[in-house]
Every structure is written in structure tokens, then in C-alpha cells.
Enquirer: 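First the structure, then my questions, so here it is.
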Amino acid sequence: MAVTPQTKLANVVGDKTAKAFERSFGIVTVGDLLRHYPRRYAARGDLTDLSALTVDEHVTVVARVDHVKEYPFRPKGGGRPGGTNVRTEVVVTDGTGELVLTFFRQPWIAKRLSPGTVGMFAGKVNAFRGRKQLLHPEVRQADSEDEARDRAEEFASQILPIYPATQAVSSWTVERTVGLVLDSLDVADDPLPEPVRREHGFVDLATALHGIHRPHEDRDYEEARRRLRYEEAFVLQATLAVRRRVLAQAAATRRPYVPGGLRDRFEAQLPFALTDGQREVVAQIAADLDRDKPMQRLLQGEVGSGKTVVALLAMLQVVDDGGQAVMLAPTEVLAQQHYRSMVAMLGPMAEAGMLGSAEAATRVRLLTGSLGKKARQEALLDAQTGEAGIVVGTHALLEDRVGFAELGLVVVDEQHRFGVEQRAALTAKADDAPHLLVMTATPIPRTVAMTVFGDLDTSTLRELPRGRQPIQSTVVPAAEKPAWLDRTWERIREEVEQGRQAYVVCPRIGDDAEEADEAPPLDDEAETRPLTSVVALHDLLRDGPLAGLRLGLLHGRLPAEEKDTGMRAFAAGEVDVLVATTVIEVGVDVPNATAMVIMDADRFGVSQLHQLRGRVGRGAHAGLCLLVTGAPVGSLARERLDAVAATADGFALSRLDVEMRREGDVLGVRQSGVRSSLRLLSVVRDEDVIATARDDAAAVVAADPSLVAHPALAAAVRELEDSTQADYLEKT
Ligand code: ADP
Ligand code: MG
């Protein structure tokens, strides 16, 4: 029977194996299996390097048995030692090192693996009494010594695919199953059009799949990878090209600038002058809004570069034209802050319907998940009827029942927290395609922008408003220099004595096992160190180093109302030191806060640290950021912190971040549909491939917009759209 990529794996192998594949790798179809590529290839030489084994790694080694020992043991539940109650230790070697293979209750192993036998062994490396061992490894070995010698020769010449493996599914099981599938595979269509293949000299899909899984020579998998890597970029770019086309056909309502409207009046009463950069971006946006095609703009700007006021001016331009604008923020704290500052900045201009309101005033509404029933109803009603010109909120805005009378502009703040899908859910709430402005303080490398945000125009705010204060950052190695930590708390006291305020940021809330706000470890080494809990530290500081100061506590598990009151009290200067989790990470703006202490700073990523410290130095006084860590000198974590302390340039840090982070993280947590489609392509390294694929895909889509002549490509595009859609559905 011929199998196709759509065939269910369960029709090819037994149910049990099929289940193991699904649980281990999410592999359900033959197509999924064929895209489970070998992680690397091994000839005997590099297979057998026993000196380079790492604990917890699944490995496959070829080695010769050196000696075997049997240790009878007395079973726990009673019974006599000996017989089957025996532990067998097989020591194998390859000349570079030794490895112990341990088997319990398999007395026949000693005979099977007699000294001199050459075999392949696969399992997970663990350390036992200071020696590296594989417990119950899979064994593949010849029956006779002659054959063993032959097999060893064969191994030596053969290129062996080494697959990502788990306890349940070994590399060999994958190899065997893939072999089964390849023997009867029928690949009808190739998602890469023939002319594209010819132009770049790519092998066709069937050749590529054979080449990557069953290479005869190095060239086979090299050629296969080159083509399959390109294919990933091509399918992604074709998907984006199709999206772009759909968008380009969408009609938007023009929202021309109205002189003397709310936008002008708001700008006139700002307590500061816009920077040149802000002015330029405001003009770009104003021109975009005046077109009958929906604006698709990404605004990148360093932390504190003043993106919010730019967004507000854009929103007011739309309101002046009778449209509504909505701003989506990633956290309640941030949504509330935006809401409060908008209401404050707009003053009577935001008091439509109230006595003393300004002429042509509008209304600003807040919509979050934790809103009381009455407030929610009012907000929903005002959005629905168009009374509210501006609605600010969190994910709650994405719900179906939220509707607008005339949605003209969608602003997404801190885009890196959202995916393409959330954007789509909001824009779907307008009859005509609304204009879209997404903002991020995490500068996105060009390749990532091309890959994930390929459909956006980009503006950048490079300068900070004049008078922005420098932030001095210092690493506090708490383990090596405990006195520095004491000094840290003294510094906080000094700041408070001068009338300023401070943040203390912790990576976790309390002592429970499950923690919503907890920062996951970035390196294996960090895993073993206990994390500072915000609750415990708050109490400790209150009773110790910071006794007598007014401390506040803020974390994600507090009721929304308490979060809001806590944040307000801090903003109003009623709290000196706010001990918090990363709920304050993005956007929070309290100009009188000058100092920040970040506990277990090694648990945060480079960009995240930069975001966090962007909370200080926002007013008239210089900022101070103390990065407390237990990470030892010379560790990766420590290097990262030193880099953050050494530069304040967000763009430089973002490049560093991309280099230091693992590939998947670059695309962001919410981009997993896209992420899982990228197996060979690296958005960090493969800039050229992505650029070429983008041009090729654009040409193919332009010539055949609905891809009728390219059924396999159309199917691949649909599959990618479906998987990103599925991500979105899962997350709401
Ligand atoms: P971000 O780009 O990080 O979102 P914000 O929009 O929160 O930055 O702006 C940070 C602070 O700078 C706010 O208090 C804002 O009022 C202020 N600000 C914005 N533009 C200017 C300007 N041109 N001059 C002085 N201060 C400004
Ligand atoms: Mg902001």
C-alpha cells in the first residue's frame, strides 16, 4: 500500500508506537513524521566519542565491550540473590573514554555482550557514583563476532541519522519507522514550484526526503537540507504574501487630519514639545490614516521614547473624523495606567456628556477581565453605540461580545506580547478594515520582522525625549559579596530619604509549586538555585533592612482591584518601595521612581531586564538599577548581566539577546504556530534565505493569487494558517 503525507501513522505502525510518537513529538501523520528530521548524522568516528557525553542527553554510541561484571542483589520484596536477581554492568570503550551500561534482571546480557563485541547503544546518560552510565539502553548488535566485525565496518562507512529521541521513542525507532514509510511513500506534489527549484538548483521533494533521512553520502543530506530549509522560508513568505494581498484588497475608511480638532487641542496643551522623531512618526501615521487602504504600521521605540503620546495623537485623529480607536495592552496594570493617564491628559476633552466637558469631547473607556459587572456593561454599551471614542483594555477586548459602532484604528501596545492572531481578532471587529498600529520597545531584528511581521511597515523612534536621565546599572553578586546586598538596601534607603521611590522586582510570588508570574530558568545551571519570593522578601525587608519605610506589594495573583490600588498608591507617592513581580515590566510610568533592584536577575532575559529598568530614570533624576544574582563568575547568565549593565542601548542589547537566546524564543511565545513550522530555518542566521524566498514567493503569489496551479503550496499555506489559528484559539 502506498502511503501519502496525509496517511495516519497509526495505519503504518501499531497503535502503541503511533501513540508514543504522538505523545513524544506530536507526530500524527506520515507527513509529520517525514518532517521530523535527524538532528545530526554520525559516522562511527563521531558516534563513539565517549569523552563528550553530557548528563541527561539521549545518546547513541558505537563502542566495544571491554569487560562485564555481574552483581547478584537481594530484591527489596524478598527473594534470593542470583538467578534473575542480578545487576549486570557492561563497561564499553571507544578509546576516548568509558561508559557503563547497567541492566537489572537481564542475566542473558552478560553472554550477549561478551568482551570484544561491537555494538550500538542508545539511552539517556546519567551519572551514578561519579561514573556516566546508560540504564537499560537499547542495544543493537550482531549475533556473531564475525558479524560484529562486519557490522562495525558497515557502521564505519554508513551515515547514521540521529533523531531527536525520548525515553519512549528512540532514535532507532524513528529510523525504522521512517524507513518503513519511505519504502512505500508516494509524494505527488511539491510545494516548491518547478521553476523555483530549477533556478536555485534544488532537488525535488521526494529526493529531499530520502536524502535527509537515508543519505548515502554527505552531499545527499546537505542538498536535502538546503532545499527543505528554503522551503520553510518559502511557505512562510507565501503565506504572508497571500495575507498581504487580502489586506491590499481590503478597503479602509479614510481618517484625514482635522485641523483644530481634539488632536490639535491635545497637542497644544501637552506639557512638553514632541521630539523630532515623534513629529516625524506622527506625520507618517497621519498620512497612512488618510488613505483608503488600512495602515499596517509597526512602531519600534526604545523604552521611554514616548510611543504612547504618538498613539494617542493617532487615536484622536480618528476620533476627530467620527471613528473609534481601541488600544490593546498586555496586562491589567498597563491597561489601567494607559486609561488613567489618557483621562488625565485629555481632561475635559474626555468628558463627553458631562457638565463642563469640552466642545466635541469624546469618552475614554476601560475594558478588562476583572471589571465589575456594571462598569463592564457601561464600557460595552459605550463601545457598541460609539459614545466611547477611545477604548483601552486587555485580552478582554478580543471577546466576541465586544463590538464597536465605527472602529477606525486598532493600537496594540507591546506587540511582542501578542501574536498575529490577536491582532486579527481585533481588526475583525470593524466593518471596514481598521487601520492598525502596533508598538514595541523590544526592537525586532530585520529577519524576524520579515518572517513574522512581514506584512508591516516600520517606524522607529531612536531618540529619547530631552531631559531623560541616564540609568546606572550594576551587577550585585550576592553569593560572592554578601556585603554588596546590604549596601543595596542602604542605597534604597538613601533614595527614599531624598524623596524618591524604588522598585524591587522578584521572579516569583510565593512558595507554591505553581506560579503564574514565575520566570522560567534560562540556563540549566540556574535551575538549582532557589528563587526569591516576592511575598517573603516583602516581609523580610519590612522587618529588616527597609523597616520604617512604606512598602507596597504587587503581583499577578492579587485581585485586580488591589493591584490597581497598589499601583495608584505608588504613583501617588504614598508608597516608598514597591516589591513586585514582573507585572510592572512593561510601560509602567512613575517619574519619581529612581531606583530598581532586580532579584535573581539571571532569571530574566536581556530584553526583559532592559524593559524592567526602563521603569526608572523617567523623571528629573538619574536612575539606578541593581542586578542581584547568585550566578557565578564566568557563567553564561553572568555574562548576560554584565552586558546589560554595560550598555543602555536597547538596539545593541536586542542583537545580543537574539544571539544569546535559543532560536525558538526569538519568535516569541505567542508565535508558536510559525515557530513549529520552522525546523531547519533559523531566523537569526538565514537572513539571505529568507530574503530570497520572500522575493520568489511574492512573484509566485502575484502571478497566481489563489495558487490554483500550486495545490501543494496552497495546502502548505493553509496548514500554516490553520496552525497559527489553532494557537490563537487555544490561548483565549
Ligand atoms: P514608551 O515609549 O516606553 O511607551 P512612554 O510613552 O511611556 O514611553 O513615555 C515615557 C514618558 O515620557 C511619559 O511620561 C511621557 O509623558 C514622556 N514623554 C513622551 N514624549 C515626551 C517628550 N517629547 N518630551 C518629554 N517627555 C515626553
Ligand atoms: Mg509604553
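When a ligand or atom number is given, it counts from 1 through the structure's own listing order.
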Enquirer: Where's the contact between Met439 and ligand 1, heavy-atom distance under 4.0 Å: side chain, backbone, both or neither?
Expert: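 Within the 4.0 Å criterion, Met439 makes no contact with ligand 1.
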Enquirer: Is Arg254 salt-bridged to Asp290, going by a charged N under 4.0 Å from an acidic O?
Expert: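 The answer is yes: the pair qualifies as a salt bridge.
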Enquirer: Are Glu378 and Arg365 within salt-bridge range, i.e. N to O under 4.0 Å?
Expert: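 A salt bridge links Glu378 with Arg365.
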Enquirer: For ligand 1, which atoms have a heavy atom of Ser305 less than 4.0 angstrom away?
Expert: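 Reading through ligand 1 atom by atom, the close ones are 2 (O), 8 (O).
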Enquirer: List ligand 1 atoms under 4.0 Å from Leu274, heavy atoms only on the residue side.
Expert: 23 (N)
Enquirer: Run the contact test for Ala273 against ligand 1 with a 4.0 Å cut-off on heavy atoms, strictly below, and give the result.
Expert: yes
Enquirer: In plain terms, say whether Arg640 and Asp602 are close enough for a salt bridge, that is, a side-chain N and a carboxylate O under 4.0 Å apart.
Expert: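 Not counted as a salt bridge, because no side-chain N and carboxylate O are separated by less than 4.0 Å.
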Enquirer: Which atoms of ligand 1 are found less than 4.0 Å from any heavy atom of Asp589?
Expert: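 The list of qualifying atoms is 11 (C), 13 (C), 14 (O).
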Enquirer: Would Asp564 and Arg340 satisfy salt bridge (charged side-chain N to carboxylate O under 4.0 Å, His left out), going step by step from the backbone distance to the final call?
Expert: CA-CA 11 Å; Asp564 190 30; Arg340 275 200 302 273; 2.6 Å; yes
Enquirer: Applying a 4.0 Å heavy-atom criterion (strictly less than), which segment of Thr275 is in contact with ligand 1: side chain, backbone, both, or neither?
Expert: both
Enquirer: Any idea which atoms of ligand 1 are less than 4.0 Å away from a heavy-atom of Thr308?
Expert: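 Going through ligand 1 atom by atom, the ones under 4.0 Å from Thr308 are 4 (O), 5 (P), 6 (O), 7 (O).
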Enquirer: In terms of side-chain geometry, is the basic nitrogen of Glu494 or Arg491 positioned less than 4.0 Å from the acidic oxygen of its partner?
Expert: yes
Enquirer: Non-hydrogen atoms of Gly301 versus ligand 1: any pair closer than 4.0 Å?
Expert: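 In this structure, Gly301 fails to qualify as a contact of ligand 1 - no heavy atom is under 4.0 Å.
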Enquirer: Look at Arg557 together with Glu562 and state whether they make a salt bridge at an N to O cut-off of under 4.0 Å.
Expert: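 No salt bridge links Arg557 with Glu562.
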